[in-house]
Amino acid sequence: MPTIPAAAAVAAANPNVPLAPRLRGLVSFPSSSSSSSPSSNRLRLPRAASMSAEARVPVAPPAHPTYDLKAVIDLALSEDAGDRGDVSCLATIPSDVKAEATFIAKEDGVVAGISLADMIFKQVDPSLKVEWFESDGNYVHKGLQFGRVYGCARNIIVAERVVLNFMQRMSGIATMTKAMTDAAHPACILETRKTAPGLRLVDKWAVLIGGGKNHRIGLFDMVMIKDNHISVAGGITNAMKSVDQFLAKEKLALPVEVETRTLQEVKDLLEYAAENNTSLTRIMLDNMVVPLGNGDVDVSMLKEAVQLINGRFETEVWQASGNVTIDTVKKIGETGVTYISSGALTHSVKALDISLKIDTELALQVGRRTNRA
């Protein structure tokens with residue numbers, strides 16, 4: 001039995017199926033008569049009714065100088081394929097059989113990862129035809145059929161789990177980000193660096209799709225002076241002075257954020273900034289939201305800090321104890337703070353349940369029985 005190369009994780013693409021032209025990043029879906037394959041080798045399935053998606057400008061992934069998204073996809077495919085490929089497909093599905101599979105939302109939420117799914121399908125098999133009825137960032141409801149893919153059955157199944165793993169995680173992040181963003185207005189929601197190792201760009205891409213904004217991408221694109229830096233430097237003023245000297249010496253223009261833990265540190269930092277030509281751009285107000293026993297929060301300290309800063313610098317709230325939640329973020333956002341960052345957007349994400357099914361009608365029947373469609 002032939003081996004599927006691990007790096008590509010797919011069988012050879014069928015040269016008889018022409019690649020349809022792309023329009024706005026989407027691949028045209030062929031009619032049932034467009035395939036040159038014998039009808040006996042095609043799984044004929046009911047088609048979903050046409051749906052009109054809310055038009056959205058595609059959200060590009062965050063820029064990164066060294067991150068290789070294609071290599072991340074290759075790694076995910078290779079992780080599945082190992083050194084033999086998909087032995088289940090090789091054992092059960094002839095190489096020339098074609099199929100149509102449908103994406104089904106199993107719960108309500110914001111869909112994300114459509115653009116990434118296109119990239120994965122293309123890397124697996126460029127001849128696969130993909131059509132989407134929704135766009136990244138659109139709200140989908142349980143049972144909605146929001147996309148489909150047609151082509152070599154083996155290759156669809158090879159791509160299936162990798163596509164879904166990315167889409168489910170990204171959609172979970174986007175769903176929570178959207179809820180937090182709506183509740184926090186006019187404050188903006190940020191994620192942190194608490195992302196899945198190797199998937200930071202993907203996680204942060206999902207935050208953008210959900211309507212949030214990105215914090216720093218890594219250690220290279222922002223100077224962020226946190227509690228440990230301040231303790232080693234001998235105080236917040238010494239730390240800020242060192243940053244200004246370093247940036248001047250290296251001739252670097254980078255945003256600078258400094259973490260403050262007390263109102264006195266806020267006052268010391270503002271006094272330094274008033275007396276010096278500083279590169280400071282943002283002040284983090286760390287753990288200045290105090291949890292109350294009834295699940296509410298006390299934001300009086302945060303309000304006082306925001307009033308002290310009085311718009312001279314951007315402000316950001318971050319809570320190590322996880323007090324920034326969907327239940328408290330509205331109250332925090334009303335204090336006048338510029339940004340609210342939450343590690344839970346990415347480190348504790350609940351994936352959105354999505355499936356990709358060839359027998360769509362049976363999948364929906366089972367979904368209704370289990371209340372997942």
Side-chain angles (χ1 to χ4, degrees), residues 8-10 19-29 51-77 101-105 109-140 144-151 155-156 158-178 181 191 195-196 198-214 217 345-346 349 351-356:
V10 295
L19 181 62
R22 285 182 174 265
L23 178 62
R24 296 183 182 177
L26 302 181
V27 180
S28 300
F29 196 89
M51 307 170 200
S52 60
E54 178 186 349
R56 287 180 179 271
V57 177
V59 178
H64 193 288
T66 61
Y67 194 93
D68 187 346
L69 191 54
K70 183 180 183 298
V72 171
I73 295 171
D74 277 336
L75 179 62
L77 292 169
T102 302
F103 284 92
I104 305 172
V110 175
V111 67
I114 284 175
S115 295
L116 183 57
D118 276 338
M119 294 174 63
I120 297 167
F121 282 126
K122 185 175 181 180
Q123 276 183 235
V124 167
D125 180 352
S127 74
L128 293 175
K129 310 299 186 294
V130 188
E131 184 180 27
W132 301 102
F133 313 125
E134 301 292 339
S135 303
D136 276 328
N138 283 5
Y139 188 83
V140 296
L144 180 69
Q145 300 173 49
F146 65 90
R148 61 192 174 200
V149 55
Y150 165 80
N155 293 347
I156 291 173
V158 163
E160 173 191 0
R161 179 43 53 194
V162 173
V163 166
L164 291 178
N165 282 349
F166 279 116
M167 287 192 72
Q168 288 177 318
R169 179 176 176 85
M170 290 182 72
S171 297
I173 292 171
T175 299
M176 177 56 73
T177 301
K178 173 62 174 171
T181 297
E191 81 298 277
T195 51
L199 295 181
R200 178 169 300 166
L201 207 72
V202 175
D203 284 357
K204 287 178 173 284
W205 190 2
V207 169
L208 293 178
I209 291 170
K213 295 186 178 180
N214 289 147
I217 301 299
L345 289 178
T346 53
V349 59
L352 191 74
D353 195 1
I354 297 170
S355 65
L356 179 63

- request: State, to 0.1 Å, how close A174 and I209 come at their nearest heavy-atom pair, and which atoms those are.
  value: CB-CG2, 4.4 Å

field: D118 CG to L128 CG distance, which is reported to the nearest 0.5 Å
entry: 11.0 Å

- request: Locate the shortest heavy-atom distance separating L356 from A101; write the atom from each residue and the value.
  value: CD1-CB, 3.7 Å

message: Please give me the minimum heavy-atom distance between G172 and V349, naming the atom from each residue.
response: C-CG2, 3.5 Å

- prompt: Yes or no on side-chain contact (heavy atoms from CB on, under 4.5 Å) for E191 and I173, after CA distance, side-chain angles and deciding distance?
  reply: CA-CA 10 Å; E191 81 298 277; I173 292 171; over 6 Å; no

query: Is N155 reaching over with its side chain to a backbone N or O of V124, donor-acceptor style, under 3.5 angstrom?
result: no

task: State the CG-CD1 distance between D125 and I156, to the nearest 0.5 angstrom.
output: 8.5 Å

- request: Check whether any side-chain heavy atom of E131 sits under 4.5 Å from a side-chain heavy atom of Y150, and report yes or no.
  value: no

message: To the closest 0.5 Å, what do you measure between OG1 (T177) and CG (L208)?
response: 9.0 Å

query: Side chain of T175, backbone of V110: donor and acceptor closer than 3.5 Å?
result: yes

query: Where the side chain of N214 meets the backbone of K204, is there a donor-acceptor pair that is under 3.5 Å apart?
result: yes

- prompt: Are side-chain heavy atoms of L116 and W205 found at a separation under 4.5 Å?
  reply: yes

- request: Any chance you could measure I104, atom CD1, to D353, atom CG, to the nearest 0.5 Å?
  value: 10.5 Å

- request: Check for a donor-acceptor pair, side chain of R169 on one end and backbone N or O of T346 on the other, with a separation under 3.5 Å.
  value: yes

message: So which atom in A117 and which in V163 form the shortest heavy-atom distance, rounded to 0.1 Å?
response: CB-CG1, 3.7 Å

message: To the closest 0.5 Å, what do you measure between CG (N138) and OG (S171)?
response: 11.0 Å

query: Do D136 and R56 touch side chain to side chain, with heavy atoms closer than 4.5 Å?
result: no

query: Would you say L69 and V202 make side-chain contact, with heavy atoms under 4.5 Å?
result: yes

- prompt: Got M119 and I73 here, is their nearest side-chain heavy-atom distance under 4.5 Å?
  reply: yes

M176 atom CE: more than 12 heavy-atom contacts under 6.0 Å: no

- prompt: Of all heavy-atom pairs between S135 and I114, which one has the smallest distance, and what is that distance?
  reply: C-CD1, 3.8 Å

- prompt: Within the side chain of Q168, is there an N or O that forms a donor-acceptor pair under 3.5 Å with the backbone of I354?
  reply: yes

query: What are the two closest non-hydrogen atoms of Y67 and L199, and how far apart are they?
result: OH-CA, 3.7 Å

- prompt: Quick one: do D74 and K70 make a salt bridge, cutoff under 4.0 Å?
  reply: yes

- prompt: Mind checking what makes ring pair (Phe, Tyr, Trp, His ring centres under 6.0 Å) contact with F103, not counting sequence neighbours?
  reply: W132, F146

